[in-house]
Amino acid sequence: MSAFLIDDAHIDVMLTFATQHRLSLPDPRCPSSSIDLAQTHNATLIGQTLLRENLRALACRYGAAHGFTPEPHSDDSYAERYRFKPDYRLASLGSGITVAIIKLTHCFDYQACETDNYATTPAAAITRALREAAAYHLPGYDKAPWSINDHPDG
C-alpha cells in the first residue's frame, strides 16, 4: 500500500476526540511534558506537528518532489497553514467512535512511519497517547478485570 497525505479532517476528528475528553497530549516542543488541548492554539500546534511528520515520511519515501504539496520543499509552509477545527462527524457512531479513533491513529502511523526514527518522534508519542486514552473509553473497559491470577491469597 502506498503512503498518502492525511487530510486535515482526519487530524481534526482525532483532535476533537482529544478535546472532548479533555486529554493532555505530549507537547511537541518538549515531549516529556503535556499540552492542554482546551486551548485551540494547542490543538493547532499538535495538528501541525502531525502533518509535518506525515510530510517528512512522504519526502523520505518519494523524495522532496513527492507531489503532495504545491511545490518541492514547501512542506513546512503546508503544515503551518493547518488550523484546528472541531469535527464531530463521527458522533453518530456513539460508542463506536472509540474504535474509529484507534483506527485513525493506526492509519496515521502507517502514513508517517517511513522514516528511521518515527517511533521516537513527537507525532508517534501523540498518536500512542491518543490510542491509549481511547482504549479507556472502549465499551466494557470499566467492567473488565484489572488482573487475573490463580492464587486465592492474592
- Test log, rule side chain to side chain contact (heavy atoms under 4.5 Å, CB included), inputs H10 and L104: CA-CA 7 Å; H10 186 115; L104 289 174; 3.3 Å; yes
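- In this structure, the side chain of S74 does not engage the main chain of S77 through any donor-acceptor pair within 3.5 Å.
- Remark: L130 CG to I126 CD1 distance equals 8.0 Å, nearest 0.5 Å.
- Here T105 contributes atom OG1 and L50 contributes atom CG; the two are 10.5 Å apart, rounded to the nearest 0.5 Å.
- The two residues A134 and T98 have their closest heavy-atom pair at O-CG2, 2.7 Å.
- In terms of modelled atom types and a separation under 3.5 Å, the side chain of T16 and the main chain of D87 share a donor-acceptor contact.
- Of the possible polar contacts, none joining the N54 side chain to the F108 backbone as a donor-acceptor pair under 3.5 Å is found.
- Taking every heavy atom of both residues into account, A57 and C113 meet most closely at CB-N, 4.3 Å.
- Hydrophobic clustering, with ILVMFWY side chains joined whenever heavy atoms are under 4.5 angstrom apart, keeps I97 apart from L138.
- Taken to the nearest 0.5 Å, the OG1 atom of T127 stands 7.5 Å off from the CE atom of M14.
- Of the charged side-chain nitrogens involved, none lies within less than 4.0 Å of a carboxylate oxygen, so that D76 and R81 do not count as a salt-bridged pair.
- For N42 (side chain) and D36 (main-chain N/O), a donor-acceptor pair under 3.5 Å exists by modelled atom type.
- Looking only at atom types and distance, the side chain of R83 has no donor-acceptor partner in the side chain of T44 under 3.5 Å away.
- Sparse packing is recorded around CD of E132, with 12 or fewer heavy atoms of other residues, nucleotides or ligands lying under 6.0 Å away.
- Ring planes of Y141 and Y136: perpendicular class, angle over 60° (limits at 30 and 60°).
- Nearest heavy atoms, A125 versus P26: O-CG, 3.7 Å.
- The closest side-chain heavy-atom distance from P28 to I46 is below 4.5 Å.
- We find the CG-OG1 distance between L58 and T69 to be 9.0 Å, quoted to the nearest 0.5 Å.
- H66 has its side chain within reach of D75: a pair of non-hydrogen atoms, C-beta onward, lies under 4.5 Å apart.
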- Derivation and outcome, side chain to side chain contact (heavy atoms under 4.5 Å, CB included), residues R29 and I35: CA-CA 9 Å; R29 299 162 298 194; I35 191 168; 3.6 Å; yes
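- Legend: ring pair (Phe, Tyr, Trp, His ring centres under 6.0 Å) pairs involving residues 14-41, not counting sequence neighbours, sorted by first then second residue: F17-H21, F17-H137, H21-H137.
- No path of Ile, Leu, Val, Met, Phe, Trp and Tyr side chains, each step under 4.5 Å between heavy atoms, connects I102 with I11, placing them in separate hydrophobic clusters.
- Residues that satisfy the salt bridge (charged side-chain N to carboxylate O under 4.0 Å, His left out) test with E80, not counting sequence neighbours, are R52.
- Follow the hydrophobic side-chain contacts under 4.5 Å out from L37 and you reach L90 in the same cluster.
- Placement of Y78 and F4 within a single hydrophobic cluster is found when ILVMFWY residues are connected by side-chain heavy-atom separations under 4.5 Å, directly or transitively.
- Of the charged side-chain nitrogens involved, at least one lies within less than 4.0 Å of a carboxylate oxygen, so that D109 and R131 count as a salt-bridged pair.
- With rounding to the nearest 0.5 angstrom, the CD atom of Q111 is 5.0 Å from the CD1 atom of I6.
- Heavy-atom minimum distance, T115 versus C60: CG2-CB, 4.0 Å.
- Contact record, R128 with A119: NH1-O, 3.1 Å, taken as the closest heavy-atom pair.
- The CG atom of L5 sits 6.5 Å away from atom CG of L51, with the distance rounded to the nearest 0.5 Å.
- For D116, the CG atom counts as loosely surrounded, since its 6.0 Å shell holds 12 or fewer non-hydrogen atoms of other residues, nucleotides or ligands.
- Screening residues 80-99 for ring pair (Phe, Tyr, Trp, His ring centres under 6.0 Å), with sequence neighbours left out, gives no hits.
- Nearest heavy atoms, L93 versus A100: CD1-CB, 3.9 Å.
- Linking Ile, Leu, Val, Met, Phe, Trp and Tyr residues whenever their side-chain heavy atoms come within less than 4.5 Å places L15 and V13 in a single cluster.
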